Amino acid sequence: MKTENLHITIAGGGSTYTPGIIMAVLNNIDRFPISSITLYDIDKERNDDMCLIINYMLQNNDLPDVKLTQTSDPETAFTDVDFVFSQIRVGGMEMREKDEKIPLKYGLVGQETCGLGGFAYGLRSIGGLLEIVGFIQKYSPQAWILNYTNPETLISEAVRRVYPNVKMLNACDMTISLEETIARNYGYNRENWIPKYYGLNHFGWYTSIYDKELERDVMPELIQKLKDTPMKVASFNSGDNSWQDAWDMLSKITTNFPDQIANNYLEYYLYSDDVVDHADPNYTRANQVMDGRLKHTKDVANLIRSGATDDVIDFDFGEHGQYIVDMATSILNDEHRRFMLIVPNYGAIPNLREDAVVEVPAYVGRLGAEPVAMRHHINDFHKGLMEAQNAAEKLLVDAFFEHSYSKALQAFTLNQTVNSAAKAKLVLDEMIIANKGYWPELKEDAAPVLEEDNRI
Ligand SMILES: NC(=O)c1ccc[n+]([C@@H]2O[C@H](COP(=O)([O-])OP(=O)(O)OC[C@H]3O[C@@H](n4cnc5c(N)ncnc54)[C@H](O)[C@@H]3O)[C@@H](O)[C@H]2O)c1
Ligand SMILES: O=P(O)(O)OC[C@H]1O[C@H](O[C@H]2[C@H](O)[C@@H](O)[C@@H](O)O[C@@H]2CO)[C@H](O)[C@@H](O)[C@@H]1O
Ligand SMILES: [Mn+2]
């Protein structure tokens, strides 16, 4: 593997996260000696805006000189690359808005990656990511793919069915973000923590958080703090207070289920009714992001385009960029750093089906991810929740590859935010219309013929 003059391509170069990722790349050039960066996007306007922003960053900061190019041509984008960071949003925020609003019409959770919004997103995203992974296998099969594209569990399951040996890490920044928020709210240093955790993506629980300086598992005391004093939004949480609802709900979850700290996304599954009651069906998170992060990114590009000279780069970079750069350097330099990754289970969670796609700690070196195996069974409560949700996710991926309406309906019905097969069908049928051109065509198909039961 090359260890200098590296070339990375960002698939979804126009993403609002690109400035943070590139800032992290440039701030770590000593460990990650990049010489060129290519932005690949199907939307030229988004790529143009981002190139303006990145070039402005390069010109107005004391940053290493790297060659920045942009393209919408896959061969140009993925030839002779060493790393691909992927963060696409198939259908854009416009489709995310439908993902969130259609389920809400029927009193069901409407969310980007959870619930039926997440399943609708998954049926769009899988095709987009498989196409990009196919390009990379064709033009740079030696490249490592570090993927942030959501929904992570569905993406990981689908890609591994087609490319079982793909060099790919699937990562989520929620756990580090949650840990950082907890640490800042209650006066700890996350850098001293070794968290143990298991789940599906956006559907998991901590089992311990060992603090190396205090020399103890601090999770029990954190549970008490979460119950007594709900967290406040930390400044780095992309600045917007939308996260306050998440932290309030995490305190509710911890109060009612105090044995482990849950990922804040569990609110969508455990308190679906509360989430629906709190939601504004006419103005969802997609609208907030369109009016916030997305608009701000466009505004910055236009300021630069109109000749701005003062420092207009004021993005909140968060943990997102540093995390994926740390993964890349851990591969490149065989550093064996520990990350929370979405990986095939294969016994990491011993009493969960081995072909599940799970989120667990993993050490990352030149060979990729080496997951940490748990040494005990998970409890029936979490096991039951995960088995049902994982089955729903597998059925959804089956529906994608088999173009199967009946499996899609089973998946929508089994999703753990859904309490009614009738509502699941109403949402599915409306989503089929809304996602025309994005989803594979789903066909009514005969119930699968059960294999002859030759035991009788
Ligand atoms: N894994 C995580 O924890 C995590 C954290 C944050 C964001 N994300 C994900 O990162 C992605 C980007 O988020 P965002 O808010 O920046 O979205 P965005 O809509 O702002 O940007 C996505 C970019 O992808 C481009 N795109 C869409 N389809 C494409 C395709 N087929 N090929 C190439 N480019 C394509 C769009 O044109 C756009 O420029 C989303 O999938 C989001 O869910 C994941
Ligand atoms: O609603 P969005 O688009 O703002 O965020 C959806 C994503 O939320 C999580 O990522 C968070 C991150 O955890 C938080 O610290 C901060 O940086 O915002 C990020 C995104 O805005 C989640 O992990 C992602 O999967 C979601 O896509
Ligand atoms: Mn995530």
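Predicted model, so just to flag it, every value in this text is computed and none were measured. Atoms within each ligand, like the ligands themselves, are counted from 1 in listed order.
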ask   = Taking only heavy atoms of Gly14, which atoms of ligand 1 are found under 4.0 Å from at least one of them?
value = 39 (O)
ask   = Between Tyr121 and ligand 1, which residue portion shows a heavy-atom distance shorter than 4.0 Å: side chain, backbone, both, or neither?
value = side chain
ask   = Salt bridge or not for Lys407 and Glu402, using N-O below 4.0 Å?
value = yes
Atom 2 (C) of ligand 1 [closest protein heavy-atom partner, distance rounded to 0.1 Å] = Tyr148 CD2, 3.7 Å
message = Any side-chain to backbone donor/acceptor pair from Asn333 onto Glu335? Under 3.5 Å, distance only.
response = no
message = Pairs of nitrogen or oxygen atoms closer than 3.5 Å, one from Asp173 and one from ligand 1: do any exist?
response = yes
inquiry  = Taking only non-hydrogen atoms of Ala11, do any sit less than 4.0 angstrom from ligand 1?
reply    = no
inquiry  = Check for me whether Met50 has a heavy atom closer than 4.0 Å to any atom of ligand 1.
reply    = no
query = atom 4 (C) of ligand 1: which of Asn150, Ile132, Thr297, Ile42 has the nearest heavy atom?
reply = Asn150
inquiry  = Considering both backbone and side-chain atoms of His320, is one of its nitrogen or oxygen atoms within less than 3.5 Å of a nitrogen or oxygen in ligand 1?
reply    = no
inquiry  = Does His278, at its NE2 atom, have more than 12 non-hydrogen atoms belonging to other residues, nucleotides or ligands within less than 6.0 Å?
reply    = no
request  = Assess Arg285 for proximity to ligand 2: is some non-hydrogen atom of it under 4.0 Å away?
outcome  = yes
query = How does Glu319 reach ligand 2, by side chain, by backbone, by both or by neither, if only non-hydrogen atoms under 4.0 Å count?
reply = neither
ask   = Do the numbers put Lys138 on top of the ring of Phe78, so that NZ or CZ is under 6.0 Å from the six-membered ring centre and no more than 45° off the axis?
value = no
inquiry  = Please check whether Gly92 reaches ligand 1 - meaning an N/O of the residue sits under 3.5 Å from an N/O of the ligand, judged on distance alone.
reply    = no
task = May I ask you to check whether Thr149 has an N/O atom sitting below 3.5 Å from an N/O atom of ligand 1?
result = no
query = Hey, mind stepping through Trp205 and Ile253 against side-chain contact (heavy atoms from CB on, under 4.5 Å) and telling me if it holds?
reply = CA-CA 11 Å; Trp205 295 265; Ile253 296 170; 5.8 Å; no
key: Donor-acceptor under 3.5 Å (Asn345 side chain, Ala348 main chain)   = yes
inquiry  = Check this for me - ligand 2, Thr113, N or O atoms closer than 3.5 angstrom, yes or no?
reply    = no
task = Look only at interatomic distance and state if Arg293 has a nitrogen or oxygen under 3.5 Å from any nitrogen or oxygen of ligand 1.
result = yes
message = Quick test of your reading of the structure: of Asp173, Thr284, Asn150, whose heavy atom lies closest to atom 23 (O) of ligand 2?
response = Asp173
remark   = Quick note on ligand 1: atoms under 4.0 Å from a heavy atom of Met93 include exactly 15 (O)
request  = Check each atom of ligand 2 against the heavy atoms of Tyr265 and keep those under 4.0 Å away; list them by number with element.
outcome  = 7 (C), 8 (O), 9 (C), 22 (C), 24 (C), 26 (C)
inquiry  = Any atom of ligand 1 sitting under 4.0 Å from a heavy atom of Glu112?
reply    = yes
task = Mark the output for Arg293 as yes if a heavy-atom distance to ligand 2 is under 4.0 Å, and as no if none is.
result = yes
query = Just which atoms of ligand 2 are under 4.0 Å from any heavy atom in Cys172?
reply = 23 (O)
request  = Just jot down the ligand 2 atoms closer than 4.0 angstrom to any heavy atom of Trp243, in number order.
outcome  = 8 (O), 9 (C), 11 (C), 14 (C), 18 (O)
ask   = Thinking salt bridges, do Asp299 and Lys295 make one under a 4.0 Å N-O criterion?
value = yes
task = Please write down residue, atom name and distance for the protein heavy atom closest to atom 36 (C) of ligand 1.
result = Asp41 OD1, 3.5 Å
inquiry  = Contact between Tyr283 and Asp291 at the side-chain level, heavy atoms closer than 4.5 Å - yes or no?
reply    = yes
ask   = Who's closest to atom 3 (O) of ligand 2 heavy-atom-wise, of Gln87, Arg96, Glu112?
value = Arg96
Name every donor-acceptor pair, under 3.5 Å, that has one atom in a side chain of residues 17-26 and the other anywhere in the protein, sequence neighbours excluded.
| from | atom 1 | to | atom 2 | distance (Å) |
| --- | --- | --- | --- | --- |
| Tyr17 | OH | Arg293 | NH2 | 3.4 |
| Thr18 | OG1 | Gly13 | O | 2.7 |
| Thr18 | OG1 | Ser15 | O | 3.2 |
| Thr18 | OG1 | Gln87 | NE2 | 3.0 |

ask   = Hey, mind stepping through Lys101 and Glu430 against salt bridge (charged side-chain N to carboxylate O under 4.0 Å, His left out) and telling me if it holds?
value = CA-CA 11 Å; Lys101 290 184 175 176; Glu430 190 162 340; over 6 Å; no
ask   = Counting heavy atoms only, which of Leu294, Thr175, Ile88, Leu129 comes nearest to atom 34 (N) of ligand 1?
value = Ile88
task = Any atoms of ligand 1 less than 4.0 Å from a non-hydrogen atom of Gly12? List them with their elements.
result = 24 (O), 34 (N)
note = The atom name of the N, O or S atom in His202 nearest to the Mn ion (ligand 3) is NE2
inquiry  = Would Thr16 count as a polar contact of ligand 1, with the cut-off being nitrogen or oxygen pairs under 3.5 Å?
reply    = yes
inquiry  = With the threshold set at under 4.0 angstrom, would you say Tyr17 reaches ligand 2 through any of its heavy atoms?
reply    = yes
query = Closest non-hydrogen protein atom to atom 22 (C) of ligand 1, residue and atom name please, with distance?
reply = Arg89 N, 3.6 Å
note = Closest to atom 20 (O) of ligand 1 (heavy atoms only, candidates Lys44, Arg46, Glu45) is Arg46
request  = Mind checking whether Ser125 contacts ligand 1 via backbone (N, CA, C, O), side chain (CB onward), both or neither, at a 4.0 Å heavy-atom cut-off?
outcome  = neither
